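Everything below concerns the one structure shown next.
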Amino acid sequence: MSDIGKIYSFSMPFYDAKKSCMGYKARPALILYGPRNGDYTVIPVSTIKDPKNRDADFDVKIDPVAFPNLGLHEVSYIRTHKQTTAHQGARYKYIGDLKGEYQTKYQEVIDLVEKFSQEITKNA
């Protein structure tokens, strides 16, 4: 069974400014591809409290009222312009299945991932 289109918590590295060192936090992410060579290609799912930090073109709003089967507890944003990799060993908690439960929203996300990729290519 494929993990593509599913949201999982991943243990993700971050810089802890208070301790001046790297740390790890559980972060939800949507799986776009993989695993390949032990890694998934993912995009983050974030609450982004400050509206000025949201990208009007590439952050897709997910309201848990409208998407109750995703297991998200707060309004969140799928950050289609923030692709990264995550090792399959860092995946640990299933949250929900965007592709299986909400095909239209999943396709919107994929279309924006592709649009961002095309913008990068065009501007390279």
Side-chain angles (χ1 to χ4, degrees):
M1 178 187 273
S2 175
D3 289 323
I4 294 171
K6 295 180 179 164
I7 300 171
Y8 280 88
S9 283
F10 286 85
S11 179
M12 300 290 241
F14 76 102
Y15 183 74
D16 188 336
K18 291 179 184 175
K19 296 180 180 178
S20 297
C21 66
M22 295 300 294
Y24 290 86
K25 284 186 180 180
R27 299 281 190 206
L30 175 68
I31 297 173
L32 295 178
Y33 183 74
R36 183 176 177 113
N37 299 322
D39 292 325
Y40 288 103
T41 301
V42 300
I43 49 179
V45 179
S46 179
T47 55
I48 318 175
K49 300 292 187 193
D50 189 342
K52 69 181 175 221
N53 293 330
R54 296 181 198 140
D55 188 299
D57 296 321
F58 293 105
D59 285 332
V60 177
K61 183 178 178 179
I62 302 293
D63 187 330
V65 173
F67 302 96
N69 296 338
L70 286 183
L72 299 170
H73 305 292
E74 296 182 59
V75 172
S76 300
Y77 297 84
I78 299 175
R79 313 214 66 203
T80 64
H81 60 301
K82 302 266 186 184
Q83 282 187 40
T84 190
T85 57
H87 190 271
Q88 64 185 4
R91 184 193 82 173
Y92 66 92
K93 181 183 174 193
Y94 173 79
I95 296 173
D97 185 353
L98 182 66
K99 184 178 180 183
E101 295 282 341
Y102 305 102
Q103 274 282 324
T104 302
K105 186 56 80 172
Y106 174 74
Q107 191 58 53
E108 176 186 346
V109 167
I110 295 305
D111 290 347
L112 285 172
V113 168
E114 291 173 0
K115 179 181 177 185
F116 184 72
S117 180
Q118 289 169 359
E119 283 191 19
I120 291 171
T121 303
K122 181 175 69 175
N123 294 322

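In this text the structure is predicted, and so the values were computed from the model without any measurement.
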Practice task
Taking all heavy atoms of P28 and all of I7, pick out the closest pair and write down the distance.
Solution key: CB-CG2, 4.2 Å

Completion exercise
So side chain to side chain donor-acceptor pair (under 3.5 Å) across residues 80-93, not counting sequence neighbours, yields D3-R91, Y40-R91

Exercise for the section: Return the minimal non-hydrogen interatomic distance between A86 and M12, and the atom names on each side. Expected result: CB-SD, 4.2 Å

Problem - Common cluster, I110/L30, ILVMFWY with side-chain heavy-atom separation under 4.5 Å - result: yes

Exercise for the section: Flag yes if I48 and L98 sit in one hydrophobic cluster, no otherwise; membership is Ile, Leu, Val, Met, Phe, Trp, Tyr, and two members link when side-chain heavy atoms are under 4.5 Å apart. Expected result: no

Exercise for the section: Carefully, step by step, assess I78 and L112 under the rule side chain to side chain contact (heavy atoms under 4.5 Å, CB included). Expected result: CA-CA 10 Å; I78 299 175; L112 285 172; over 6 Å; no

Practice task
List for me each residue that meets ring pair (Phe, Tyr, Trp, His ring centres under 6.0 Å) alongside Y24, sequence neighbours excluded, and say none if there are none.
Solution key: none

Problem - K6 and D97, any side-chain heavy atoms less than 4.5 Å apart - result: yes

Handout entry: Partners passing side-chain hydrogen bond (donor to acceptor under 3.5 Å, both in side chains) against K105 (at least two apart in sequence or in another chain)
Key = E108

Exercise for the section: List for me each residue that meets side-chain hydrogen bond (donor to acceptor under 3.5 Å, both in side chains) alongside E101, sequence neighbours excluded, and say none if there are none. Expected result: N69

Handout entry: salt bridge (Lys or Arg N to Asp or Glu O under 4.0 Å): pairs with one or both residues in residues 12-37, sequence neighbours excluded
Key = none

Handout entry: Side chain to side chain, I4 and Y106, heavy atoms closer than 4.5 Å
Key = yes

Practice task
Tell me whether I120 is reachable from V109 by hopping between hydrophobic residues (I, L, V, M, F, W, Y) whose side-chain heavy atoms are closer than 4.5 Å.
Solution key: yes

Exercise for the section: Please report the closest heavy-atom contact between S20 and Y15, naming both atoms and the distance. Expected result: CA-OH, 3.1 Å

Exercise for the section: Would you check if I95 and V45 make a side-chain contact, meaning some heavy-atom pair closer than 4.5 Å? Expected result: no

Problem - Validation row: L72, F67 side chains within 4.5 angstrom (heavy atoms) - result: no

Handout entry: Side-chain donor or acceptor of S117 paired with backbone N/O of V113 under 3.5 Å
Key = no

Problem - I62 with Y8, same ILVMFWY side-chain cluster at under 4.5 Å - result: no

Problem - Path from L32 to V60 over hydrophobic side-chain contacts below 4.5 Å - result: yes

Fill in the blank from the handout: Applied to residues 49-58, the side chain to side chain donor-acceptor pair (under 3.5 Å) test, sequence neighbours excluded, yields K49-E74, R54-Y77

